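Because the structure is predicted, anything quoted here is derived from the model rather than measured.
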Amino acid sequence: QVQLVESGGGLVQAGGSLSVSCAASGGILGFSAMVWYRQAPGKGREFVARIYRGGTTSYVDAVKGRFTISRDSTENMVYLQMNSLKPEDTAVYYCKAEGFDGRSYWGQGTQVTVSS
């Protein structure tokens, strides 16, 4: 069974940086993509960044140039480096693994709070 565990959230001032991590119980290269989503209070869950098995990345426009998704396949870790944080980045950040068979797996989330 696939388990994803996020960590690294916390409180940071606007303009600061924070990195969140996702530890996967299985080999992340066994998935078609690893993805970060976020959910702000009172809002739906939204896509943030994706890294495909081949290494290609994509981002939502709101974080382009500020956030970087990366992975360490030897450690089965996925990271989201967040710079120039804004109050509107405040959300619970979730890690998702997308399988080649169409299945998806989610972590429990980690809270990121950006103060103004």
Side-chain angles (χ1 to χ4, degrees):
Q1 184 173 349
V2 177
Q3 289 188 326
L4 303 174
V5 179
E6 299 95 334
S7 62
L11 174 64
V12 64
Q13 287 188 331
S17 298
L18 200 64
S19 180
V20 290
S21 303
C22 173
S25 60
I28 60 175
L29 293 182
F31 298 105
S32 63
M34 299 295 295
V35 192
W36 284 100
Y37 280 76
R38 66 186 180 185
Q39 187 166 15
K43 295 187 177 181
R45 198 168 294 190
E46 69 167 352
F47 164 78
V48 176
R50 172 181 279 109
I51 184 165
Y52 292 93
R53 185 179 184 277
T56 302
T57 59
S58 64
Y59 300 88
V60 67
D61 285 348
V63 308
K64 283 181 180 177
R66 300 190 298 123
F67 290 13
T68 302
I69 187 171
S70 63
R71 70 185 180 199
D72 182 340
S73 57
T74 61
E75 297 291 335
N76 294 321
M77 297 289 294
V78 181
Y79 305 98
L80 186 68
Q81 176 66 40
M82 303 179 288
N83 299 326
S84 302
L85 282 161
K86 304 175 182 180
E88 51 263 44
D89 295 318
T90 295
V92 178
Y93 283 71
Y94 296 91
C95 178
K96 176 188 176 186
E98 296 180 340
F100 287 100
D101 60 359
R103 296 183 184 180
S104 293
Y105 306 88
W106 291 88
Q108 84 289 346
T110 186
Q111 176 71 47
V112 172
T113 303
V114 184
S115 63
S116 57

Taking atom CD of Glu88 and atom OG of Ser116, what is their separation to the nearest 0.5 Å?
-> 10.0 Å

Examine distances only and state if a side-chain atom of Thr90 and a backbone atom of Val114 form a donor-acceptor pair shorter than 3.5 Å.
-> yes

May I ask whether Val48 and Tyr79 are part of the same hydrophobic cluster, defined by side-chain heavy atoms of I, L, V, M, F, W, Y residues being less than 4.5 angstrom apart, directly or through others?
-> no

Over all atoms of both residues, closest heavy-atom pair of Cys22 and Met34 = SG-CE, 4.5 Å

Is there a side chain to side chain contact (heavy atoms under 4.5 Å, CB included) between Ser17 and Asn83 once you walk through the steps?
-> CA-CA 4 Å; Ser17 298; Asn83 299 326; 2.9 Å; yes

Of all the heavy-atom pairs spanning Trp106 and Lys96, show the shortest one and how long it is.
-> CZ2-CD, 3.5 Å

Distance col, row Arg66:CZ vs Gln81:CD, nearest 0.5 angstrom, shows 12.0 Å

Hey, any chance Met77 and Phe31 share a hydrophobic cluster, counting ILVMFWY side chains that come within less than 4.5 Å of each other, even indirectly?
-> no

Taking all non-hydrogen atoms of both residues, which atom of Val92 and which atom of Gly109 are closest, and how far apart?
-> CG1-CA, 3.8 Å

What are the two closest non-hydrogen atoms of Gly99 and Ser32, and how far apart are they?
-> O-OG, 3.8 Å

Should Trp36 and Met82 count as side-chain neighbours, where that means a heavy-atom distance under 4.5 Å?
-> no

Heavy-atom check, side chain of Leu80 versus side chain of Arg38, under 4.5 Å = no

Asp89 with Lys86: basic N within carboxylate O range, under 4.0 Å = no

Has the side chain of Asn76 got a donor or acceptor atom that lies under 3.5 Å from a matching backbone atom of Ile28?
-> yes

Would a distance-only check, ignoring hydrogens and angles, find a side-chain to backbone donor-acceptor pair under 3.5 Å from Arg71 to Arg53?
-> yes

OG of Ser7 to OH of Tyr93, rounded to nearest 0.5 Å, is 15.0 Å

Counting only N and O atoms by type, is there a donor-acceptor contact under 3.5 Å from the side chain of Gln108 to the main-chain atoms of Glu6?
-> yes

Here the gap from Ile51 atom CD1 to Glu98 atom CD, rounded to the nearest 0.5 Å, amounts to 12.5 Å

Is there a donor-acceptor pair closer than 3.5 Å between any side-chain N or O of Arg50 and the backbone N or O of Thr56?
-> no

Please state whether the rings of Tyr37 and Phe47 are parallel, tilted or perpendicular, taking 30° and 60° as the class boundaries.
-> perpendicular

So do the side chains of Ser25 and Gln1 get within less than 4.5 Å of each other, counting heavy atoms only?
-> no

Looking at Ser58 and Tyr52, what are the two nearest heavy atoms and their distance?
-> OG-CE1, 4.4 Å

Report yes if some heavy atom in the side chain of Tyr94 is under 4.5 Å from a heavy atom in the side chain of Val35; otherwise report no.
-> no

